[in-house]
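Chain naming here is simple, since letters A, B, ... match the order of the sequence lines and numbering starts at 1 in each.
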Number of protein chains: 2
Amino acid sequence: MMESRPYASRECRDAYRAVRDTLDVVSGKWKLVILAVLLEEKQRFKELSRKIGISPRILSKELQELELNKLVTRTVCDTRPVTVEYAATEHAQTLGDVIHAMHQWGQLHHATIVGQPRPKTSELERALEK
Amino acid sequence: MMESRPYASRECRDAYRAVRDTLDVVSGKWKLVILAVLLEEKQRFKELSRKIGISPRILSKELQELELNKLVTRTVCDTRPVTVEYAATEHAQTLGDVIHAMHQWGQLHHATIVGQPRPKTSELERALEK
DNA sequence: CGGCATCCACTTGGATACTG
DNA sequence: CAGTATCCAAGTGGATGCCG
């Protein structure tokens, strides 16, 4: 494999890797939701689970990945039944530009798609509504 | 369902929808690769398939989604066995800011992660190398 | 050549029950 | 409370063959 790659230059491949890294971090159903909540204020495991309606198994997995990527910190509190607090890191805040760009383009895209004389199929509606 | 959502305000929900729309468009294994190639110059189906090493079935599906989102155009050429040309649209070019932001942050992220005294686990390496 | 149909492997997300 | 184990449903990506 690796015969004919679409990227002639090393710079292109590296650029693509960087984009993919970002995509890996923000993709998925929950990562951005969790980060959004934690960026407002730190939360305990159960609070997160309840607030965003996510099962413990998934939440645990997501938080571990976010912690590996240094986007959240995990702090065990020495309380009675033991609680754990999760908080967004400074590094998580640097995601702002990416979120903003995606927010802007999402709006532009929506306008581009629905602001047309009779969209061809209803396929599209469903795709955007989901 | 829809009981307790983490988004108090309407603005937040709308912002999140816009971000999700963008994510839906650029996520996945191939969409950005296809767009990158088509942004350089228009290509025929087979050329695309060969250049980036993707099976016809997947390529077809991806192209249809991209066309629905007005990111590529599909042109049937009246040649002998019949060829089809795909080209990136102007709308596809507006994705530039998003890509750029993801590129920048991807680099920052990589530096943040690997530029540390002894990363805890080798988990991380694999996560970033894949 | 373009692209659909079939079948299949792997991943993602989820419900539930259980442990320290 | 925090987190794991099990089991499971659905989605995604892929190989191969066929057809106009």
Sugar-phosphate only, base, or nothing, as touched by B:Glu85 at under 4.0 Å among non-hydrogen atoms: nothing
When B:Lys31 and A:Lys61 are each assigned the nearest nucleotide of DNA chain D, the 5'-most assignment goes to A:Lys61
Find out whether B:Met102 and B:Leu32 are in side-chain contact, i.e. whether some heavy atom of one side chain is under 4.5 Å from a heavy atom of the other. yes
Which of the following nucleotides, C:dC4, D:dA2, C:dG2, is nearest to the side chain of A:Phe45? D:dA2
Sorted by position of nearest nucleotide on DNA chain C, 5' first, the leading residue of A:Val82 and A:Ile58 is A:Ile58
Please determine, for the side chain of B:Ser55, which listed nucleotide (C:dG2, D:dG3, D:dG14) has the closest atom? D:dG14
Do A:Arg74 and A:Leu63 come within less than 4.5 Å of each other through their side chains, counting heavy atoms only? no
Within the structure provided, determine whether B:His91 and A:His109 are in side-chain contact (heavy-atom separation under 4.5 Å). yes
Taking the side chain as every heavy atom from C-beta outward, state whether A:Thr75 and A:Val84 have any atom pair closer than 4.5 Å. no
In whole Å, what is the span from the CD1 atom of B:Ile34 to the P atom of C:dG2? 14 Å
Thinking salt bridges, do A:Glu47 and A:Arg50 make one under a 4.0 Å N-O criterion? no
To the nearest angstrom, the CD-P distance between A:Glu65 and C:dT11 comes to 13 Å
Taking 4.0 Å as the cut-off, does a side-chain nitrogen or oxygen of B:Ser60 come that near to OP1 or OP2 on C:dC4? yes
Indicate yes or no: at least one non-hydrogen side-chain atom of B:Thr73 is less than 4.5 angstrom from one of B:Glu67. no
Which whole-number value in Å describes the distance from A:Ile52 CD1 to C:dG13 P? 12 Å
Between CG of B:Leu59 and P of D:dA15 the distance, given in whole Å, is 13 Å
How close or far is atom P of C:dG2 from atom CD of B:Glu62, stated in whole angstroms? 17 Å
Is the phosphate of D:dT12, meaning OP1 or OP2, less than 4.0 Å from a side-chain N or O of B:Lys29? no
Between C:dC1, D:dG3, C:dC4, spot the one nearest the side chain of B:Pro56, thanks. C:dC4
Using OP1 and OP2 only, check whether a side-chain N or O of B:Trp30 sits under 4.0 Å from D:dT12. no
Here the distance between atom P of C:dG13 and atom CG of A:Leu32, to the nearest Å, is 12 Å
Phosphate oxygens OP1/OP2 of C:dG3: is one of them under 4.0 Å from a side-chain N or O of B:Tyr86? yes
Between P of D:dT12 and CD1 of B:Ile54, the distance in whole Å: 14 Å
If you only use heavy atoms from C-beta on, which nucleotide in C:dG2, D:dG3, D:dG13 is closest to the side chain of A:Arg74? D:dG3
Set out, line by line, the N/O atom pairs under 3.5 Å between protein and nucleotides 5-10 of chain C.
| unit_1 | atom_1 | unit_2 | atom_2 | d |
| --- | --- | --- | --- | --- |
| C:dT6 | O4 | B:Arg57 | NE | 3.4 |

Looking at C:dC1, I'd like to know if its phosphate oxygens (OP1 or OP2) sit under 4.0 Å from a side-chain N or O belonging to B:Lys46. yes
From CG of A:Leu63 over to C1' of C:dG13, roughly how many Å is that when rounded to an integer? 15 Å
Are any non-hydrogen side-chain atoms of A:Arg44 and A:Leu48 less than 4.5 angstrom apart? no
Could you tell me if the side chain of B:Trp105 sits less than 4.5 Å from the side chain of A:Asp21, heavy atoms only? no
Determine: side-chain N/O of A:Gln64 to OP1/OP2 of D:dG3, distance under 4.0 Å, yes or no. no
